[in-house]
Amino acid sequence: MTSGFFDLAMQNILSPVVLFFVLGVGAALARSDLSIPEAIAKTLALYLMMSIGFKGGVEVAKTGLTAQMVRTAAAGIALSFAIPVVGFYLLRAISRLPAVDAAAVAAHYGSISIVTFVAATEALRGQGLPFEGHLVAVAAVMETPAILSALVLARRHAPSAADTREPIGPLLREIGLNGSVVMLLGSFAIGWITGPKGLEPVAPFLVDLFRGVLCLFLLDMGLVAGRGMRAGWKDLSAATLGFGIAMPILGALLAAALVPLTGLSAGGAAIFVTLAASASYIAVPAAMRIALPEARPSIYLTLSLGITFPFNLAIGIPLYQALAGFAVR
Amino acid sequence: MVDMHPKKRVEIVMEAPALHRLTDALDKAGVTGYTIVSALAGRGLSGAWSREGLAGDAGRMVIVICIVDAARADAVIAGVHKLLARQIGVVTMSDVQVIRADHF
């Protein structure tokens with residue numbers, strides 16, 4: 001078991017995807033002028049959403065809508081509501097972070113990182129381990145509930161900071177219609193409607209280029225994470241840094257407990273557990289700037305992108321795969 | 001010599017996620033037009049920021065520029081302040097001269 005996990009971890013760490021991320025972090029920390037223009041970064045992100053959405057939809061076209069899909073989505077929504085509550089009280093217990101910062105951080109951990117999802121699917125593909133295509137849709141429905149939980153926590157524990165006079169309805173609509181979510185779910189629907197025949201003519205673009213584009217995007221994420229680490233390091237205490245490692249593991253354990261209810265395969269369970277362990281980096285930070293403007297981005301972005309994302313990418317993904325293996329037995 | 005007319009120029013450096021809320025508020029305040037410019041990079045009380053490499057809106061800054069009549073300037077600034085008081089950003093107002101007074 002230990003050597004199996006070690007092999008998986010080494011295989012993961014030495015993959016091009018992880019190494020390009022490391023290159024980005026190293027270049028940013030060394031103050032290299034290497035950078036990806038904003039418009040290219042957005043295009044790469046849209047391409048990734050389009051590709052994984054479409055491929056997920058094609059998989060669902062083969063199996064049809066199943067009870068397993070509904071059960072997994074329900075479990076994902078429940079986790080997205082619950083994880084911020086656990087994260088908030090844990091962070092308040094171990095650190096001196098103000099409630100508004102703790103609530104904003106908690107929202108990030110309840111939501112998901114689609115790039116971590118992609119990295120996990122690539123790791124499984126490398127091992128030839130299949131997983132359920134509908135998990136793309138599960139990822140999409142796990143984006144938003146965490147924000148609601150975090151806002152309730154903030155309004156209860158930091159009423160003055162949370163009083164932005166910002167109605168929740170329009171905010172949730174904006175998050176739900178966030179460009180990346182629309183692209184992901186839209187491509188999923190198109191893949192579902194058109195099926196394997198629809199994928200065939202676009203496969204050279206959506207499938208063959210995928211890994212190369214992913215490497216370029218991970219290089220960019222490494223650059224942004226490295227810049228965030230350089231700027232935000234001073235705002236993080238040892239306890240807060242520890243939270244960035246402990247919270248994804250805690251989220252993974254909660255998800256693993258729900259895996260038997262979903263009926264997912266070993267590969268699907270690994271993805272599901274990874275989703276619960278991941279922390280948002282695109283949708284939630286923007287939502288927090290509107291809903292909780294007094295929460296410091298230097299804390300939640302540095303934790304999510306600078307600590308948890310690299311941890312998940314290098315060690316978390318094989319760890320969650322091993323954990324999911326236990327959960328499906 | 002072309003006749004010039006005094007007006008107020010309001011310049012708002014702000015976080016991109018709040019942009020639509022601001023433009024909605026400007027529309028409601030009767031501002032006749034504005035220009036939005038994407039900011040490249042900078043540094044302020046909340047630290048350094050750069051738009052390079054960002055796939056999402058958080059961390060991205062924009063500049064909104066509008067010209068308003070002096071009679072309406074205070075109301076516009078009050079609306080902007082109400083909306084952005086707790087956001088990262090800078091709001092300035094300066095005296096300018098325009099050629100076509102009826103446009104603002």
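Convention: sequence-line order gives letters A, B, ...; per-chain numbering from 1.
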### Summary
Tightest non-hydrogen contact, residues A:Pro297 and B:Ile88, listed as CG-CD1, 4.3 Å
### Query
In terms of heavy-atom contacts, does CD1 of B:Ile99 have more than 12 from other residues, nucleotides or ligands at under 6.0 Å?
no
### Message
If I take atom CD from residue B:Glu52 and atom CG from residue A:Asp220, how far apart are they, to the nearest 0.5 angstrom?
### Response
9.0 Å
#### Entry: CZ-CE distance between A:Arg289 and B:Met14, expressed to the nearest 0.5 angstrom
11.0 Å
#### Entry: Within 6.0 Å of NE2 in B:His20, more than 12 heavy atoms from elsewhere
no
### Query
Which heavy atom in A:Ala286 sits nearest to a heavy atom in B:Ala58, and how many Å separate them?
N-CB, 3.6 Å
### Query
Does OH belonging to B:Tyr34 count more than 12 external heavy atoms closer than 6.0 Å?
yes
### Message
Filter on ring pair (Phe, Tyr, Trp, His ring centres under 6.0 Å), then keep only pairs touching residues 282-301 of chain A, sequence neighbours left out; what's left?
### Response
A:His108-A:Tyr300
### Query
B:Ala18 versus chain A, heavy atoms under 4.5 Å apart: side chain, backbone, both or neither?
both
### Query
Heavy-atom distance under 4.5 Å to chain B: side chain of A:Arg227, backbone, both or neither?
side chain
### Task
Could you please state which residues from residues 28-43 of chain A sit under 4.5 angstrom from chain B, measuring non-hydrogen atom to non-hydrogen atom, sorted by number, or 'none'?
A:Ser35, A:Ile36, A:Pro37, A:Glu38, A:Ala41, A:Lys42
